[in-house]
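The structure appears right after this line, and notes come after that.
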Amino acid sequence: MCGRYVISLSPEIFRRFYDYAETPNFPARHNVAPTQPVPIVTAEHGARHFHLVRWGFWPTWLKDPADFPLIFNARVESLAEKPTFRGALRHRRCVFLADGFYEWRREGMGKGATKTPFLIRRADGAPMALAGLWETWSSADGSEVDTATIVTCGANGTLSAIHERMPAILSPEAIGGWLDTVGNEPRDVIGLCRPCPDDWLTMVQVGDRVNNARNDDAGLVEPVARPAPKPRAAAPGTSNDSGQGSLL
């Protein structure tokens with residue numbers, strides 16, 4: 001799952017990494033939350049482009065967004081089957097601009113339950129290419145809203161210590177294939193959205209100020225003085241991927 005993330009690298013680093021034509025200037029964000037405007041990269045007519053969209057997917061057939069759940073994540077296992085995502089998977093794949101994301105370890109039940117936040121980043125400090133889907137929704141009055149969702153997969157060993165899911169982080173070599181909706185069919189790219197290698201990532205515990213989406217400053221990414229939990233070892237013949245349906 002991915003419900004909050006970080007965009008703190010400079011706009012020029014992102015532009016060079018993804019090679020899109022535009023030269024946007026945007027501020028660092030340290031606590032991006034669903035329903036907010038977020039930057040994505042798309043590929044159109046052989047060129048990559050930068051867009052701002054709403055984080056929270058609305059399919060084209062939707063009549064009233066007020067009656068629709070907030071879809072900020074979509075499980076890769078069911079993208080090809082669910083009517084909500086089928087069209088976007090075939091025609092409108094994207095990459096979210098990010099360089100880290102937060103995940104919470106839940107412990108206990110009921111009123112005594114706790115949620116401990118962790119920040120996950122690439123060990124090499126590079127942009128984190130989060131696979132996504134986007135869609136343009138049109139209202140009855142003709143107005144349009146571009147929306148998007150992050151694709152998730154089963155957790156790798158690092159993330160399994162705190163959660164069973166994670167965003168699908170594409171390798172630099174896989175970005176072009178994911179974005180190419182003309183040359184690559186859905187069946188050709190689904191396999192790109194898989195748990196990334198453990199050594200790609202670092203994970204540190206951060207303070208609970210990140211729990212409030214109104215907080216958005218560089219202090220949120222500072223680690224607290226506690227070690228990150230060790231990965232859970234998977235039982236022989238098992239996978240960290242739950243194989244469940246779409247995560248909404």
Side-chain angles (χ1 to χ4, degrees), residues 1-8 28-40 52-58 65 68-79 82 84-85 88 94-108 113-122 127-135 146-156 158-170 193 195-196 201-224 228-229 240-242 244-248:
M1 165 171 197
C2 180
R4 302 280 182 81
Y5 67 96
V6 177
I7 313 171
S8 63
R29 299 169 64 186
H30 299 89
N31 199 7
V32 183
T35 74
Q36 294 178 353
V38 297
I40 62 169
L52 283 177
V53 301
R54 174 190 185 270
W55 185 16
F57 191 86
W58 291 345
F68 199 67
L70 177 58
I71 302 180
F72 55 90
N73 285 171
R75 289 181 179 251
V76 66
E77 297 87 353
S78 56
L79 292 183
K82 284 188 172 291
T84 299
F85 306 121
C94 66
V95 170
F96 278 64
L97 269 64
D99 53 280
F101 67 95
Y102 299 102
E103 191 53 82
W104 282 258
R105 181 178 63 193
R106 299 173 185 266
E107 297 177 330
T114 62
K115 293 172 59 179
T116 304
F118 292 84
L119 172 65
I120 299 90
R121 281 180 151 162
R122 283 195 60 118
M128 183 178 278
L130 306 183
L133 303 175
W134 71 280
E135 190 67 89
D146 292 329
T147 70
T149 185
I150 293 173
V151 176
T152 68
C153 59
N156 65 7
T158 299
L159 266 293
S160 68
I162 60 173
H163 204 276
E164 72 276 6
R165 304 288 297 181
M166 67 181 294
I169 304 171
L170 301 173
C193 297
C196 72
L201 305 178
T202 63
M203 182 168 65
V204 296
Q205 183 178 334
V206 294
D208 59 9
R209 289 181 58 244
V210 73
N211 296 347
N212 188 334
R214 288 175 292 183
N215 295 326
D216 189 351
D217 59 81
L220 298 179
V221 303
E222 294 298 323
V224 298
N240 289 319
D241 194 340
S242 67
Q244 297 178 358
S246 181
L247 176 65
L248 305 183

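- Using a 4.5 Å heavy-atom threshold, the side chains of L220 and V206 count as separate.
- Put simply, the side chain of T147 never gets that close to the backbone of R54: no donor and acceptor are under 3.5 Å apart.
- Between F96 and V32, the closest side-chain pair of non-hydrogen atoms is not below 4.5 Å.
- Separating the CD1 atom in I40 from the OG1 atom in T149 is a distance of 11.0 Å, to the nearest 0.5 Å.
- A donor-acceptor pair under 3.5 Å is absent between the side-chain atoms of D216 and the main chain of R29, judged by distance alone.
- Applying the salt bridge (Lys or Arg N to Asp or Glu O under 4.0 Å) test to pairs two or more places apart or on separate chains, those with a residue in residues 202-211 are R209-D217.
- Between the side chain of Q36 and the main chain of A33, a donor-acceptor pair closer than 3.5 Å is present.
- Distance SG/C2 to CZ/F101: 6.0 Å, rounded to 0.5 Å.
- Looking at T158 and I120, their side chains never come closer than 4.5 Å, going by heavy atoms from C-beta outward.
- You'll find the side chain of V6 reaches within 4.5 Å of the side chain of Y102, heavy atoms only.
- A side-chain contact (heavy atoms from CB on, under 4.5 Å) with W104 holds for exactly one of I162, N211, T114; it is N211.
- A donor-acceptor pair under 3.5 Å is absent between the side-chain atoms of T152 and the main chain of M166, judged by distance alone.
- Using a 30° and 60° split on the angle between ring planes, F85 and F57 fall in the tilted class, from 30° to 60°.
- Side chains of P39 and I7 form a contact here, defined as non-hydrogen atoms less than 4.5 Å apart.
- For the residue pair L79 and A74, the shortest heavy atom distance occurs at CD2-CB, 3.6 Å.
- Using a 4.0 Å cut-off between charged side-chain N and carboxylate O, D99 and R121 make a salt bridge.
- Checked by atom type and distance alone, the side chain of N156 never pairs as donor or acceptor with a backbone atom of P195 at under 3.5 Å.
- A 4.5 Å side-chain heavy-atom check between V210 and N215 finds every atom pair outside the cut-off.
- Side-chain contact between V38 and F72: absent, with no pair of heavy atoms (C-beta onward) separated by less than 4.5 Å.
- Distance check: R105 CZ to Q205 CD gives 6.5 Å after rounding to the nearest 0.5 Å.
- Nearest heavy atom pair, residue P167 against residue C153, reads O-SG, 4.2 Å.
- Atom CH2 of W55 and atom CD1 of I150 lie 4.5 Å apart (nearest 0.5 Å).
- The shortest heavy-atom contact between C193 and A131 is SG-CB, 3.8 Å.
- Nearest heavy-atom pair across K115 and R106 is CD-NH1, 3.7 Å.
- With rounding to the nearest 0.5 angstrom, the CH2 atom of W58 is 10.0 Å from the CG atom of L70.
- Counting only distance, with no hydrogens or angles, the side chain of N31 and the backbone of N212 share a donor-acceptor pair below 3.5 Å.
- Looking at every heavy atom in both residues, M128 comes nearest to R122 through CE-N, 3.6 Å.
- Taking both residues in full, the closest heavy atoms of V224 and G207 are given as CG1-N, 3.7 Å, listed atom of the first, atom of the second, then distance.
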query = Checking side chain to side chain contact (heavy atoms under 4.5 Å, CB included) for the pair L201/I169: CA distance, chi angles, key distance, verdict?
reply = CA-CA 10 Å; L201 305 178; I169 304 171; 3.9 Å; yes

